[in-house]
Amino acid sequence: QVQLVESGGGLVQAGGSLRLSCTASGSIFSINGMGWYRQGPGIQRERVAVITSGGNTNYGDSVKGRFTISRDNAKNTVYLQMSSLKPEDTAVYYCNADIRKTSSDSRYYAYWGQGTQVTVSS
């Protein structure tokens with residue numbers, strides 16, 4: 001089995017910072033892309049940031065210049081450093097990873113974490 005476990009969410013004032021972490025564990029042969037998504041109240045889940053295994057990144061327009069995604073391949077962990085937070089960043093943040101479980105199966109499967117709440121007060 002594969003698990004993604006997020007941590008680092010919480011309550012912060014507007015203008016503040018938070019760092020989210022997500023670690024993948026279990027039956028893992030390799031990990032391709034990893035990313036963060038969020039879902040606010042009454043809003044569809046949106047992509048926040050993604051990073052390839054080689055370190056290439058892509059950000060949603062609403063977070064460019066404020067959020068930074070990074071990863072530690074040795075630890076199977078992806079991070080999201082969030083700065084200059086705004087009330088509209090309030091959401092449940094989900095980690096996602098494309099994981100290959102064994103050397104004999106070349107397919108990658110998408111896994112999701114359980115989500116961590118980020119609340120930004122004005």
Side-chain angles (χ1 to χ4, degrees):
Q1 281 288 17
V2 173
Q3 277 191 317
L4 270 62
V5 178
E6 300 118 333
S7 61
L11 173 65
V12 64
Q13 287 190 330
S17 299
L18 279 176
R19 189 193 195 208
L20 306 182
S21 299
C22 171
T23 298
S25 63
S27 177
I28 298 172
F29 178 76
S30 66
I31 302 177
N32 197 359
M34 302 183 82
W36 290 95
Y37 295 72
R38 68 185 182 187
Q39 187 165 16
I43 301 174
Q44 279 190 322
R45 188 174 296 190
E46 65 171 336
R47 186 178 69 180
V48 176
V50 294
I51 184 168
T52 68
S53 56
N56 293 317
T57 59
N58 189 274
Y59 296 90
D61 288 340
S62 61
V63 306
K64 282 180 182 176
R66 299 188 299 121
F67 291 9
T68 302
I69 189 170
S70 61
R71 65 190 281 175
D72 185 333
N73 291 331
K75 296 181 180 180
N76 291 337
T77 298
V78 62
Y79 306 96
L80 186 68
Q81 178 66 48
M82 304 184 293
S83 303
S84 302
L85 282 161
K86 305 175 181 180
E88 49 264 44
D89 293 318
T90 295
V92 178
Y93 284 71
Y94 297 91
C95 170
N96 168 268
D98 293 326
I99 294 174
R100 178 179 174 180
K101 295 193 288 184
T102 68
S103 59
S104 59
D105 183 355
S106 62
R107 292 172 294 182
Y108 284 83
Y109 299 88
Y111 288 89
W112 293 88
Q114 80 287 353
T116 185
Q117 177 71 46
V118 172
T119 302
V120 185
S121 63
S122 57

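Side chains are part of it too, since the values below use all heavy atoms of this structure and drop only hydrogens, waters and symmetry mates.
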Ignoring hydrogens and geometry, is there a side-chain-to-backbone donor-acceptor pair from [X] to [Y] under 3.5 Å?
X: Asn56; Y: Ile51; result: no
X: Thr119; Y: Leu11; result: no
X: Thr77; Y: Lys75; result: yes
X: Arg71; Y: Thr52; result: yes
X: Glu6; Y: Gly115; result: yes

Tyr79 six-ring centre to Arg19 NZ/CZ under 6.0 Å and within 45° of normal: yes
Cation-pi, Tyr109 ring and Arg100 (6.0 angstrom, 45 degrees): no
Any donor-acceptor N or O pair under 3.5 Å, side chains Thr116, Tyr94: no
Can you give me the closest heavy-atom contact between [X] and [Y], atom names plus distance?
X: Arg38; Y: Val63; value: NH1-CG1, 3.9 Å
X: Ala24; Y: Ile99; value: CB-CD1, 4.2 Å
X: Leu4; Y: Gln114; value: O-OE1, 3.4 Å
X: Ile69; Y: Ala49; value: CD1-O, 3.6 Å
X: Asn96; Y: Ala110; value: ND2-CB, 4.1 Å
X: Gln81; Y: Ser17; value: NE2-CB, 4.0 Å

Residue pairs passing the disulfide bond (SG atoms under 2.5 Å apart) test where at least one lies in residues 84-122, sequence neighbours excluded: Cys22-Cys95
Over 12 foreign heavy atoms within 6.0 Å of CD, Gln3: no
Do [X] and [Y] have side-chain heavy atoms sitting under 4.5 Å apart?
X: Val48; Y: Leu80; value: yes
X: Met82; Y: Trp36; value: no
X: Val50; Y: Tyr59; value: no
X: Val120; Y: Gln13; value: no

Partners meeting side-chain hydrogen bond (donor to acceptor under 3.5 Å, both in side chains) with Ser103 (sequence neighbours left out): none
Under the ring-ring contact (aromatic ring centres under 6.0 Å, His included) test, residues paired with Tyr37 that sit two or more places apart: Trp112
Salt-bridge present (Asp89, Lys86; N to O < 4.0 Å): no
